[in-house]
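Let me begin by handing over the structure; questions about it come next.
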Protein chains: 2
Amino acid sequence: MANLTLRDVARAAGVHSGTVSRALNPATRDRVSPETVRRIDKAVRELGYTPNPIARSLRTSKSHTVGVVIPDLTNPLFPPMVRGIESVLDEYGYSPLIVSTDDDPEREATHISALLARQVDGLIVGTARLGDTTFDELAARGTRIALINRRAADSGLDSVTADDDTGMSLLIHHLATLGHRRLLCLAGPRNTSTAVARLRGFHSAVRAEGLDDDAQLVVECASWTAAEGAARFAEALDGGTPFTAVVAATDLVAMGCYDVMAERGLSCPDDMSIAGFNDMPFVNRLAPPLTTVAVPQYEIGREGAQMLMAALGQQEHMPRTVLLPVTLTVRGSTGAPGGHRER
Amino acid sequence: MANLTLRDVARAAGVHSGTVSRALNPATRDRVSPETVRRIDKAVRELGYTPNPIARSLRTSKSHTVGVVIPDLTNPLFPPMVRGIESVLDEYGYSPLIVSTDDDPEREATHISALLARQVDGLIVGTARLGDTTFDELAARGTRIALINRRAADSGLDSVTADDDTGMSLLIHHLATLGHRRLLCLAGPRNTSTAVARLRGFHSAVRAEGLDDDAQLVVECASWTAAEGAARFAEALDGGTPFTAVVAATDLVAMGCYDVMAERGLSCPDDMSIAGFNDMPFVNRLAPPLTTVAVPQYEIGREGAQMLMAALGQQEHMPRTVLLPVTLTVRGSTGAPGGHRER
DNA sequence: TTGTAGGCGTTATCAC
DNA sequence: GTGATAACGCCTACAA
């Protein structure tokens with residue numbers, strides 16, 4: 001049942017294979033007589049024929065395959081995005097080829113070459129770095145690309161990200177309302193649009209709320225990891241500059257702060273409020289549950305995939321920059337400064 | 001630079017395209033003179049030629065692609081397995097096509113048809129159900145299959161799972177040592193090998209440790225979810241049969257128990273010890289950190305992929321059943337029964 | 001409306 | 001050791 005070809009169907013239906021091809025292709029189906037279509041459909045069903053997509057790809061030079069480039073599948077932030085991507089690709093008859101780069105430019109380059117060699121029709125990229133022109137160059141050479149989660153500075157690429165700016169103001173406003181005046185910002189790596197946008201949002205919100213705007217209160221993390229968050233947070237605690245709350249660039253970074261708090265016997269939020277960003281799965285189960293900005297991960301994936309599908313259809317294409325709305329999710333990790341509970 | 005073919009290289013090197021093909025294929029490389037090989041390699045490099053895998057696939061009818069069928073990518077148990085799979089497929093020049101079935105047989109069937117239509121060379125399956133002959137039938141028709149995470153009863157399929165039996169005895173022994181005599185077992189769906197193995201392990205360990213072997217103390221969960229775990233655990237609490245510890249089939253099920261404890265103002269482990277299974281990422285960060293049996297998720301993926309790669313090489317193939325070792329990870333969720341701390 | 005035939009880029013089987 | 005040639009299964013002008 002596996003190796004049937006158009007010719008087998010043609011023979012069974014008493015027509016030529018070219019006719020079968022036309023009858024099976026929705027675009028050309030109406031160019032063949034209804035009667036013949038019926039006979040062909042019947043033969044297809046009886047034989048259990050399925051077209052060979054590889055032969056089709058060779059002929060049409062479209063693989064119906066897209067590369068999905070993310071930092072790390074084991075980071076809980078990404079599986080929801082991937083499932084979002086999968087859900088729209090399914091609708092279009094495309095399949096994702098997923099690679100994890102571990103945010104290593106070399107791994108990324110290797111994987112992208114491999115994807116291109118496999119003739120993917122486009123790329124959905126979650127690893128863009130500012131100042132890196134890799135994807136612009138690929139796009140210039142005709143590769144269709146949609147950026148998700150991160151953008152690349154004023155490159156003419158389709159992108160969909162969360163509205164980090166708004167998220168930050170919501171969060172800072174929440175902390176200001178609780179009475180915090182000095183917030184430590186653990187920013188992400190400055191070569192990512194996400195980190196830059198969140199940092200900019202932090203600054204403008206701090207000013208808007210009239211909080212202390214102290215350069216000492218902003219620290220850059222070299223990576224989006226708990227370990228890095230822990231290291232930078234510990235340094236800040238030891239540094240002497242006072243603060244009563246931490247705004248972490250990412251939930252993972254916030255988790256690093258939790259670790260340091262535990263090590264030092266400090267209690268959150270009584271001794272220190274901690275907030276994250278993304279609302280990654282399971283952060284509602286941390287102790288305490290993490291206050292964070294919820295980013296629509298699944299929708300980011302869907303929207304990115306949709307953009308790419310749209311771009312594949314068109315010849316020339318006006319790039320779009322989509323910002324998806326976020327919501328503040330207040331949980332137990334933020335409270336009034338110095339707000340020790342009765343014991 | 002993209003659409004170069006063998007003929008372009010051949011022209012540049014002054015040979016025939018057939019010769020280039022031979023020179024580029026490691027298996028036939030020695031059938032062409034070293035001097036010619038050099039010229040061809042040079043041309044390849046200068047032109048930046050990459051072979052078209054689609055044309056190759058059409059000719060050889062091997063896609064160098066494998067389908068990876070898992071229940072749900074957003075379940076943190078699976079990304080490590082997928083990365084394990086990816087790591088060995090990489091070595092062999094294969095790419096994974098990943099699908100999530102949500103443990104829905106219909107979705108599974110659809111996805112598998114799609115994968116086969118895409119001409120995958122084999123399947124790595126993490127969704128096998130006992131009594132389901134889908135995969136045996138596929139295997140009988142020549143599809144190469146490796147089962148991971150779950151097996152299918154005495155089907156002659158390659159499989160790699162954790163040593164659930166040993167894991168259970170370690171865990172039960174730990175609880176017995178703490179002084180527990182009545183353990184609630186929240187078993188998984190009985191149509192999965194994993195649930196059956198863990199349940200069998202539970203029974204034999206309970207007997208071996210001389211604990212109470214009460215049929216009331218075993219409850220089946222219909223799915224591997226926190227919600228299901230919560231529902232069954234709540235029922236058991238209300239049921240009147242006493243127990244001092246819970247052995248959950250899975251960390252996710254254990255998390256459901258945490259939820260019920262919190263709702264009812266009960267404290268773990270003081271009022272009730274809770275243990276999970278798998279050591280999923282992040283369960284060390286729950287409150288309290290979860291005692292569980294650590295399953296080598298990454299290695300399961302690697303081993304499964306390795307098996308499949310081996311099977312693809314051979315004509316007839318002796319199926320293997322691999323059991324990977326597990327370790328007990330004791331954390332804060334288990335303690336002596338009724339062991340309230342001083343306040 | 002349907003048949004014919006050429007070719008997508010490779011590999012493999014022949015000869016030479 | 002190398003060249004010529006025929007598929008692999010499909011699509012698509014072009015003819016009829």
Side-chain angles (χ1 to χ4, degrees), chain A residues 1-44 47-65 93 116-121, chain B residues 1-44 47-65 93 116-121:
Chain A
M1 70 161 284
N3 291 330
L4 294 170
T5 79
L6 281 180
R7 312 181 65 135
D8 297 313
V9 178
R11 200 172 321 118
V15 294
H16 193 271
S17 65
T19 307
V20 178
S21 174
R22 281 185 288 256
L24 261 33
N25 185 323
T28 50
R29 195 191 205 89
D30 50 355
R31 307 183 128 232
V32 35
S33 82
E35 158 59 13
T36 311
V37 168
R38 246 187 7 80
R39 274 215 323 285
I40 290 175
D41 280 351
K42 180 157 166 285
V44 164
L47 297 177
Y49 166 81
T50 34
N52 182 327
I54 294 185
R56 195 207 300 274
S57 293
L58 181 58
R59 183 61 232 261
T60 62
S61 62
K62 318 196 85 294
S63 67
H64 285 258
T65 263
L116 262 24
R118 275 203 182 272
Q119 315 279 104
V120 294
D121 294 339
Chain B
M1 72 160 283
N3 291 331
L4 295 170
T5 78
L6 280 180
R7 313 182 64 134
D8 297 314
V9 178
R11 200 171 322 117
V15 293
H16 192 271
S17 66
T19 306
V20 178
S21 175
R22 282 185 289 256
L24 261 32
N25 186 322
T28 51
R29 195 190 204 89
D30 51 355
R31 307 185 128 231
V32 34
S33 82
E35 158 59 14
T36 311
V37 168
R38 247 189 5 81
R39 276 216 320 285
I40 290 175
D41 281 350
K42 179 156 166 286
V44 165
L47 297 176
Y49 164 83
T50 34
N52 182 328
I54 294 186
R56 195 208 301 273
S57 292
L58 181 58
R59 186 59 235 256
T60 61
S61 61
K62 318 197 84 292
S63 66
H64 285 257
T65 263
L116 294 176
R118 275 203 182 272
Q119 314 279 106
V120 294
D121 293 341

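Proteins get letters first, then strands, A, B, ... in listed order; numbering begins at 1 in each.
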Practice problem: In whole angstrom, give the distance that lies between atom CD1 of I54(A) and atom P of dG9(C). | Solution: 16 Å
Practice problem: Could you check which residues of residues 26-43 of chain B get a heavy atom under 4.0 Å from DNA chain D? Sort them by number, please. | Solution: R31(B), V32(B), S33(B), T36(B)
For nucleotides 5-8 of chain C, list the nitrogen or oxygen atoms of the protein found under 3.5 Å from its nitrogen or oxygen atoms, one pair per line.
from: dG6(C); atom 1: N2; to: R59(A); atom 2: NH1; distance (Å): 2.7
from: dG7(C); atom 1: N2; to: R59(A); atom 2: NH1; distance (Å): 3.4

Self-check item: Any residue meeting side-chain hydrogen bond (donor to acceptor under 3.5 Å, both in side chains) with R7(A), in chain and number order, not counting sequence neighbours
Solution: none
Quiz item: Would you say dG3(D) has OP1 or OP2 under 4.0 Å from some side-chain N or O of T19(B)?
Solution: yes
Self-check item: Any residue meeting salt bridge (Lys or Arg N to Asp or Glu O under 4.0 Å) with R29(A), in chain and number order, not counting sequence neighbours
Solution: D41(A)
Quiz item: Which whole-number value in Å describes the distance from Q119(B) CD to dC8(D) P?
Solution: 14 Å
Practice problem: Check whether any side-chain N or O of D121(A) sits under 3.5 Å from a backbone N or O of K62(A) as a donor-acceptor pair, and report yes or no. | Solution: no
Quiz item: Contact class for P53(B) vs. all strands (heavy atom < 4.0 Å): base, sugar-phosphate, or nothing?
Solution: nothing
Quiz item: How long is the span from the CD1 atom in I54(B) to the CD atom in Q119(B), to the nearest 0.5 Å?
Solution: 12.0 Å
Quiz item: Excluding sequence neighbours, so at least two apart, what forms side-chain hydrogen bond (donor to acceptor under 3.5 Å, both in side chains) with S33(B)?
Solution: T36(B)
Exercise. Would you mind reading off the distance between R22(B) atom CZ and dA4(D) atom P, rounded to a whole angstrom?
Key: 11 Å
Self-check item: Donor-acceptor under 3.5 Å (S17(B) side chain, A10(B) main chain)
Solution: no
Quiz item: Whole Å only: how far is the CG atom of N25(B) from the C1' atom of dG1(D)?
Solution: 16 Å
Quiz item: Got a second to check how far S21(A)'s OG is from H16(A)'s NE2, nearest 0.5 Å?
Solution: 11.0 Å
Practice problem: State which residues pass salt bridge (Lys or Arg N to Asp or Glu O under 4.0 Å) with R38(B); sequence neighbours excluded, sorted by chain then number. | Solution: E35(B)
